[in-house]
Amino acid sequence: MTAALSSTGTRRVLDLGPAVELVSKEEGHRQPLAPEFVSAADFSPLEVAYDFGRVRREDIEAGPRNIWRYKKLLPVPSDVERIPNTEPGCTRLIRADRLAKELGVKRIWVKDDTGNPTHSFKDRVVAVALAAARQFGFDTLACPSTGNLANAVGAAAARAGWRSVVLIPSSLERAKVLTTAVYGGNLIAVDGNYDDVNRLATELAADHETWAFVNVNVRPYYSEGSKTLAFEIAEQLGWRRPEQIVVPIASGSQLTKVDKGFRELAQVGLVEDTPYKVFGAQATGCSPVSTAFRNGHDVVQPVKPDTIAKSLAIGNPADGPYVLDTVNRTGGAIEDVSDEEIVEGIRLLARTEGVFTETAGGVTVATAKKLIEAGKIDPDAETVLIITGEGLKTLDAIEGRVGPRATVPPSAAAVREVLGD
């Protein structure tokens, strides 16, 4: 237990498990746990630092079948599983042998996060953000979103009995609009792209002290939820790290936190400290991090997004420079793929493994294919692809590209004729 200032400036006793303080990413300045996301000392992002103590495999394996089995590695209360929440996590890790054969590699695993409560990995990060927000005394859950986060915040707030305020670009896919509005919160469409919406959210967060903007003022805690992908992958592989992993890039937070999760597992002795490479995937229509990597830059230049992969359409990714650091440190690479390649990636995963992914997953699969063909992914090394969302959310991407092979009268002969049998 530690004491800290709440969102309203009052002193509260916090239970955020093993979390002990916040540390700036650039110069390592340390400060008390608080709902803050930028260091006043060096103006860099803040992230959570821990004192983990003893963490044992058997304790994790005996835990609930959701992300709270890893609560000793997260900034959440010691009784987090007892508080109403969406209980995300423990999604499938599929050995994708047919996809591996198609791509010409030895072994691929697909981490299928479409099985979460609102069918994307965002349920993980929102659950952690909500748990921390309770401790800081907030009463409203909010976010700017490209869609999946909007779904997750709407559902989590409804489950918790909180008010929600969700801001989205007005051009968002219709399915994602409807699957947020159904939860009955305050859904507001904004004329502009995600970067415009994000700026607006930052403004509102400063003016509304009881609103927890999950990816703004409580971002350090929210982002830690992505580590649970690494924790699950390692546990599902028999407590080991994969040799290669491909992660889609939007803000870049997921990729850096998956890497952090793998490192923390080794730190506490849950896995061996074996080498692994992290690869990043972007859409060509919004590829500022891929472009920086290709040009050997350590600064990411903002772009105006123009891609069907709207959940990745962040033209000014907050964690872009840290993605470059992670990929370079692990010996990976970053690549981008066209809208046409994205659609082919969606269809390839669906027809080989029976997993229907949204456009972000199409980016991951298509990028993996491109990296394999370029010789950057080792075909003999075990590789994991992270599939972050459900294909039913982005049906527009395949509209007109798939459908009935034929329309026939109700006759067996007509069916046989179409099939050539």
Side-chain angles (χ1 to χ4, degrees), residues 17-19 48 50 52-78 80-81 85-97 99-100 106-117 119-128 131 223-248 253-279 326 330 353 355 361 364 381-389:
V48 181
Y50 299 91
F52 288 123
R54 189 183 184 198
V55 184
R56 304 185 307 169
R57 290 180 183 176
E58 51 264 44
D59 293 335
I60 291 172
E61 291 166 352
R65 293 287 301 166
N66 54 57
I67 62 171
W68 306 135
R69 68 200 283 113
Y70 309 110
K71 66 182 180 181
K72 290 185 177 180
L73 299 168
L74 296 169
V76 298
S78 53
V80 64
E81 70 273 22
N85 66 86
T86 57
E87 300 179 0
C90 287
T91 57
R92 301 185 299 170
L93 184 68
I94 302 167
R95 178 166 165 168
D97 289 342
L99 177 62
K106 186 175 181 181
R107 183 171 298 177
I108 280 182
W109 298 87
V110 169
K111 182 56 173 169
D112 178 18
D113 242 28
T114 67
N116 276 311
H119 309 290
S120 89
F121 90 97
K122 290 294 188 181
D123 290 312
R124 299 173 181 272
V125 290
V126 170
V128 175
S223 62
E224 292 291 287
S226 287
K227 295 191 310 183
T228 61
L229 281 161
F231 299 159
E232 285 181 21
I233 289 167
E235 183 181 356
Q236 289 168 321
L237 289 175
W239 292 109
R240 60 184 173 82
R241 304 191 295 206
E243 295 169 280
Q244 302 175 139
I245 187 162
V246 185
V247 188
S253 175
Q254 183 187 62
L255 184 148
T256 63
K257 295 304 180 182
V258 166
D259 170 63
K260 187 183 182 192
F262 283 145
R263 288 185 286 119
E264 287 177 350
L265 288 174
Q267 178 187 333
V268 298
L270 290 172
V271 300
E272 290 185 27
D273 193 11
T274 53
Y276 60 91
K277 294 181 179 181
V278 181
F279 296 85
T326 298
T330 63
E353 301 299 338
V355 176
T364 302
E382 186 174 55
T383 304
V384 173
L385 309 184
I386 292 186
I387 301 302
T388 53

Does the distance from a Lys or Arg side-chain N to an Asp or Glu carboxylate O, for Glu87 and Arg65, drop under 4.0 Å? no
Could you pull out all residues at least two apart from Glu81 that satisfy side-chain hydrogen bond (donor to acceptor under 3.5 Å, both in side chains)? Lys71
Residues at least two apart in sequence or cross-chain that pass side chain to side chain contact (heavy atoms under 4.5 Å, CB included) with Ala131, listed by chain then number, are Val76, Pro77, Val80
Which heavy atom of Asn66 sits nearest a heavy atom of Pro88, and at what distance? CB-O, 3.1 Å
Which heavy-atom pair separates Pro248 from Thr388 by the least distance, and what is that distance? CG-CG2, 3.8 Å
For Val278 and Leu255, what are the C-alpha separation, side-chain angles and deciding distance, and is it a side-chain contact (heavy atoms from CB on, under 4.5 Å)? CA-CA 8 Å; Val278 181; Leu255 184 148; 3.6 Å; yes
The reported gap from OG1 in Thr91 to CD1 in Ile233 (rounded to nearest 0.5 angstrom) is 8.0 Å
With sequence neighbours excluded, what pairs up with Glu272 under the salt bridge (charged side-chain N to carboxylate O under 4.0 Å, His left out) test? none
With heavy-atom distances below 4.5 Å as the criterion, would you say the side chains of Val55 and Leu73 are in contact? yes
Residues forming a salt bridge (charged side-chain N to carboxylate O under 4.0 Å, His left out) with Asp59, sequence neighbours excluded: Arg56, Lys72
Quick check against the 3.5 Å criterion: does Thr383 have a side-chain atom that pairs as donor or acceptor with the backbone of Ile108? no
Check whether Asn116 reaches the backbone of Gly89 with its side chain - one donor and one acceptor, N or O, closer than 3.5 Å. yes
Under the side chain to side chain contact (heavy atoms under 4.5 Å, CB included) test, which residues partner Glu243, sequence neighbours left out? Ala381, Glu382
Residues forming a side-chain hydrogen bond (donor to acceptor under 3.5 Å, both in side chains) with Thr228, sequence neighbours excluded: Arg124
Can you name the side-chain hydrogen bond (donor to acceptor under 3.5 Å, both in side chains) partners of Lys277, sequence neighbours left out? none
For Leu93 and Val384, the nearest pair of non-hydrogen atoms, with its separation, is CD1-CG1, 4.3 Å
Under the side chain to side chain contact (heavy atoms under 4.5 Å, CB included) test, residues paired with Ser226 that sit two or more places apart: Phe121, Val125, Gln254, Lys257
Across all chains, not counting sequence neighbours, the side chain to side chain contact (heavy atoms under 4.5 Å, CB included) partners of Pro18 are Tyr50, Phe52
With sequence neighbours left out, write down each residue that passes ring-ring contact (aromatic ring centres under 6.0 Å, His included) with Phe231, or none if nothing qualifies. Tyr70
Results of side-chain hydrogen bond (donor to acceptor under 3.5 Å, both in side chains) for Asp112 - residues two or more places apart only: Arg92, Thr114
What's the shortest heavy-atom distance between Ala127 and Ile67, and which atoms? CB-CD1, 4.1 Å
Extract all donor-acceptor atom pairs below 3.5 Å that involve side chains of residues 260-270 and protein atoms in other chains or at least two apart in sequence.
{"residue": "Lys260", "atom": "NZ", "partner": "Val48", "partner atom": "O", "Å": "3.0"}
{"residue": "Lys260", "atom": "NZ", "partner": "Glu224", "partner atom": "OE1", "Å": "3.2"}
{"residue": "Lys260", "atom": "NZ", "partner": "Glu224", "partner atom": "OE2", "Å": "3.0"}
{"residue": "Arg263", "atom": "NE", "partner": "Asp259", "partner atom": "OD2", "Å": "3.0"}
{"residue": "Arg263", "atom": "NH2", "partner": "Asp259", "partner atom": "OD2", "Å": "3.3"}
{"residue": "Glu264", "atom": "OE1", "partner": "Lys227", "partner atom": "NZ", "Å": "2.6"}

Please step through side-chain contact (heavy atoms from CB on, under 4.5 Å) for the pair Arg241 and Thr274, ending with a clear verdict. CA-CA 7 Å; Arg241 304 191 295 206; Thr274 53; 3.9 Å; yes
Are the side chains of Lys111 and Leu229 in touch, meaning some heavy atoms are under 4.5 Å apart? yes
Taking the side chain as everything from C-beta on, heavy atoms only, tell me whether Asp113 gets closer than 4.5 Å to Ser120. no
Rounded to the nearest 0.5 Å, the CG atom of Leu99 sits from the CG atom of Leu385 at a distance of 6.5 Å
Report the distance from atom CD of Gln244 to atom CZ of Phe279, rounding to the nearest 0.5 Å. 4.5 Å
Nearest heavy-atom contact between Glu353 and Asp97 is OE2-N, 3.5 Å
